[in-house]
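This report concerns only the one structure given below.
These values consider heavy atoms only, across backbone and side chains, with no hydrogens, waters or symmetry-generated copies. This one's a predicted model, so the numbers in the text were calculated from it and none came from an experiment. Here is how names work: the chains are called A, B, and so on, in the same order as the sequence lines, proteins then strands, and each is numbered from 1.
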There are 2 protein chains.
Amino acid sequence: MLEKSHKHVTCQTCTGRQSSLLNHFCSDELEHLNSHRACNYYKKHQALFLEGSFPRGVYCINQGMVKIFKRGDEGKEQIIHIAKAGEMVGFRAMFTEEPYKVAAETLEESNICFIGKEDFLNLMDSNPVLRNGIIKELSRELADRADFITNMAQKSVRERLAFTMLILIDVFDNEPINLSREDLANFVGTATETLIRLLKDFKEEGIIEVQTRKIKVLDKNKLLHISGK
Amino acid sequence: MLEKSHKHVTCQTCTGRQSSLLNHFCSDELEHLNSHRACNYYKKHQALFLEGSFPRGVYCINQGMVKIFKRGDEGKEQIIHIAKAGEMVGFRAMFTEEPYKVAAETLEESNICFIGKEDFLNLMDSNPVLRNGIIKELSRELADRADFITNMAQKSVRERLAFTMLILIDVFDNEPINLSREDLANFVGTATETLIRLLKDFKEEGIIEVQTRKIKVLDKNKLLHISGK
DNA sequence: CTTAAAAAATGACGATTGTCAGCTTTCTTA
DNA sequence: TAAGAAAGCTGACAATCGTCATTTTTTAAG
């Protein structure tokens with residue numbers, strides 16, 4: 001269980017920050033950053049923001065995991081990304097000055113800090129390293145999404161599942177993948193039933209091991225092979 | 001036929017620029033920009049850059065159209081975007097300092113100016129409006145791609161074709177869509193044969209009219225309806 | 001511990017879509 | 001303008017995948 005009082009979390013000691021866009025801050029800047037953020041505890045399945053709402057700032061994940069998704073015309077979710085500790089979410093739409101085109105929701109209980117739009121834009125104005133880091137990050141994500149699109153368009157569900165599981169190995173940091181079958185299906189882009197059948201195949205092929213909902217990858221190489229890389 | 005000598009093209013008089021990221025430049029800046037660019041004539045199907053090569057600068061489309069695409073594991077192209085006059089291509093990977101993850105190739109003969117990496121980065125450093133414009137543009141494209149991914153994952157080929165044609169109406173500025181069946185299939189994300197069969201359906205349903213390769217949209221509303229928006 | 005609700009799993013079945021092979025039309029260029 | 005190449009089109013067929021209905025297992029709440 002996470003500590004619901006999180007006064008102890010500071011930017012200075014935040015472990016996620018060290019691998020984040022805010023990693024280069026000097027101690028003065030950290031002081032300033034720390035005093036302009038508000039930390040919040042989120043329950044499992046709690047929304048950070050909804051599709052269609054207006055951005056008010058950025059969210060820094062101190063601990064936990066957040067899914068970024070979009071609803072298709074029939075209401076089915078498509079997961080675009082799963083963000084973990086150290087990542088910042090919600091700032092992309094802030095720049096476009098348009099409502100969010102995606103939604104964000106915790107996958108587990110999480111500690112997430114909030115920095116207001118004004119404060120964050122000021123920070124960017126005065127900090128070229130942060131600014132360039134963000135430009136770099138946005139560009140990198142664009143490249144990733146070109147890849148994602150190509151996979152969606154050209155690969156079979158089986159291949160996409162393998163590809164997705166490789167991503168999830170990183171997201172879950174080599175711990176067993178702990179997602180509902182539905183979320184997993186919505187990330188792969190398939191029906192839950194199809195996903196379950198394919199998991200069964202993978203299990204029979206000795207690629208994974210399943211304990212109820214948790215999936216342990218036994219053979220990463222086979223996944224690499226199936227995914228076609 | 002385009003003029004192969006393009007000395008007459010200047011940033012000051014470039015019609016595409018007015019709706020581009022460079023539209024706010026004052027006359028001094030334009031002068032400077034103009035003297036740091038090189039204009040080139042490209043034949044149909046000529047590459048601007050290849051997947052895997054390193055970015056050397058940005059390309060400004062003065063006239064013509066460019067497809068941005070990626071090859072899947074079996075070598076099949078997936079078109080990610082079609083850029084037209086006024087758009088800039090090739091700068092996304094420049095920021096990541098990694099090789100291009102996509103390729104760019106003209107769809108028709110084109111006049112395209114080139115601005116070197118150094119020059120462009122300097123321009124961005126000294127020009128906050130350009131800088132913010134680029135951040136905004138990158139963010140907007142990310143939102144578009146989330147949409148694209150969701151469509152790919154959840155819609156039928158028929159629905160995607162309708163959706164794609166709506167995009168192409170804009171790209172071709174209400175003129176008949178003039179793409180090879182293969183390119184069209186590679187944009188929709190389907191086999192060329194499937195695409196051809198669906199075009200036949202659309203024709204029989206009175207949605208489009210076909211003169212050899214050119215496709216004229218007769219009923220945009222039906223497309224909207226089919227695409228599910 | 002029991003029970004209700006939610007999630008996971010299975011089966012049957014049909015529609016969509018990709019593949020392959022062959023044919024026709026259009027375009028290119030010599 | 002003729003010939004070859006490229007693009008467009010058609011048919012047949014099979015596999016993948018989604019849908020719907022039902023059952024089993026797991027989780028959460030009292």
Side-chain angles (χ1 to χ4, degrees), chain A residues 1 43-45 72-78 107-109 150-164 176-204 208-215 226-228, chain B residues 1 43-46 67 72-78 107-109 150-164 176-204 208-215 226-228:
Chain A
M1 196 57 144
K43 289 182 295 198
K44 208 180 201 181
H45 300 143
D73 299 322
E74 255 84 290
K76 184 177 161 71
E77 284 182 15
Q78 176 61 43
L107 285 169
E108 55 184 29
E109 41 177 7
T150 308
N151 282 334
M152 280 294 177
Q154 301 189 359
K155 285 189 202 289
S156 67
V157 177
R158 179 179 159 91
E159 291 168 322
R160 297 205 308 262
L161 174 57
F163 182 81
T164 303
I177 296 167
N178 187 10
L179 276 182
S180 72
R181 299 292 184 261
E182 196 180 351
D183 278 337
L184 194 44
N186 290 342
F187 202 2
V188 174
T190 188
T192 308
E193 294 92 328
T194 302
L195 176 107
I196 288 170
R197 285 179 240 270
L198 287 171
L199 281 183
K200 195 175 159 191
D201 292 347
F202 278 13
K203 197 163 59 182
E204 283 165 4
I208 59 171
E209 200 174 74
V210 174
Q211 313 122 12
T212 66
R213 86 190 316 235
K214 286 187 188 167
I215 300 166
I226 293 169
S227 83
Chain B
M1 196 60 143
K43 288 181 296 197
K44 207 179 201 180
H45 300 141
Q46 199 175 340
K67 68 172 169 183
D73 299 321
E74 254 84 290
K76 185 177 160 73
E77 284 182 14
Q78 177 61 44
L107 285 169
E108 55 183 28
E109 40 177 8
T150 308
N151 282 334
M152 280 295 177
Q154 301 190 0
K155 285 188 202 290
S156 68
V157 177
R158 181 179 158 90
E159 290 168 321
R160 297 205 307 261
L161 174 57
F163 181 81
T164 304
I177 296 166
N178 187 10
L179 276 182
S180 73
R181 298 293 185 260
E182 196 179 351
D183 278 338
L184 194 46
N186 290 343
F187 202 1
V188 173
T190 188
T192 309
E193 294 93 328
T194 303
L195 176 107
I196 288 170
R197 285 179 239 269
L198 287 171
L199 280 184
K200 195 174 158 193
D201 291 348
F202 278 13
K203 197 163 59 180
E204 282 166 3
I208 59 171
E209 200 174 75
V210 174
Q211 312 120 13
T212 65
R213 85 188 319 232
K214 287 186 187 169
I215 301 166
I226 292 169
S227 82

Value in whole Å for how far the [atom2] atom of [N] lies from [atom1] of [X]:
{"X": "Lys200(B)", "N": "dT17(C)", "atom1": "NZ", "atom2": "C1'", "answer": "16 Å"}
{"X": "Met152(B)", "N": "dT16(C)", "atom1": "CE", "atom2": "P", "answer": "19 Å"}
{"X": "Lys214(A)", "N": "dA7(C)", "atom1": "NZ", "atom2": "P", "answer": "17 Å"}
{"X": "Gln211(B)", "N": "dT25(C)", "atom1": "CD", "atom2": "C1'", "answer": "16 Å"}
{"X": "Gln154(A)", "N": "dT17(C)", "atom1": "CD", "atom2": "P", "answer": "16 Å"}
{"X": "Ile208(A)", "N": "dA8(C)", "atom1": "CD1", "atom2": "P", "answer": "13 Å"}
{"X": "Ile196(B)", "N": "dC20(C)", "atom1": "CD1", "atom2": "C1'", "answer": "14 Å"}
{"X": "Lys203(A)", "N": "dA8(C)", "atom1": "NZ", "atom2": "C1'", "answer": "10 Å"}

**OP:** Begin with the C-alpha distance, continue with both residues' side-chain angles, and end with the deciding distance and a verdict on side-chain contact (heavy atoms from CB on, under 4.5 Å) for Leu198(B) and Asp201(B).
**Re:** CA-CA 5 Å; Leu198(B) 287 171; Asp201(B) 291 348; 3.8 Å; yes

Subject >> Qualifying residues under side-chain contact (heavy atoms from CB on, under 4.5 Å), relative to Arg197(A), sequence neighbours excluded >> reply: Glu193(A)

Original post:
If you find the nucleotide of DNA chain C closest to Leu198(B) and the one closest to Lys44(B), which residue's nucleotide is nearer the 5' end?
Top reply: Leu198(B)

Original post:
Does the base of dG18(C) carry an N or O that pairs as donor and acceptor with the side chain of Arg197(B) under 3.5 Å?
Top reply: no

**OP:** Measure the spacing between CG of Asn186(A) and CG of Leu195(A) and express it to the nearest 0.5 Å.
**Re:** 9.5 Å

**OP:** State the CG-CE distance between Asn151(A) and Met152(B), to the nearest 0.5 angstrom.
**Re:** 11.5 Å

Subject >> Nucleotides bounding contact with chain B, strand DNA chain D, heavy-atom threshold 4.0 Å >> reply: dG8(D) to dA12(D)

**OP:** Let me know, please, whether Arg213(A) or Ser180(B) comes out on the 5' side of the other along DNA chain D by nearest nucleotide.
**Re:** Ser180(B)

**OP:** Please tell me if the side chains of Thr150(A) and Lys76(B) come closer than 4.5 Å, counting only heavy atoms from C-beta onward.
**Re:** no

Original post:
Do Ile226(A) and Arg158(A) come close enough that some side-chain heavy atom pair is under 4.5 Å?
Top reply: yes

Subject >> For Leu199(A) against Ile208(A), the heavy-atom pair lying closest together >> reply: O-CD1, 3.6 Å

**OP:** Could you list by number each residue of residues 181-194 of chain B showing a heavy-atom separation from DNA chain D of less than 4.0 Å, or answer none if no residue does?
**Re:** Arg181(B), Glu182(B), Glu193(B)

Subject >> Worked check of side-chain contact (heavy atoms from CB on, under 4.5 Å) between Thr194(B) and Val188(B) >> reply: CA-CA 10 Å; Thr194(B) 303; Val188(B) 173; over 6 Å; no

**OP:** Using atom types as modelled and distance alone, determine if a side-chain donor or acceptor of Arg213(B) lies under 3.5 Å from a backbone N or O of Arg181(B).
**Re:** no

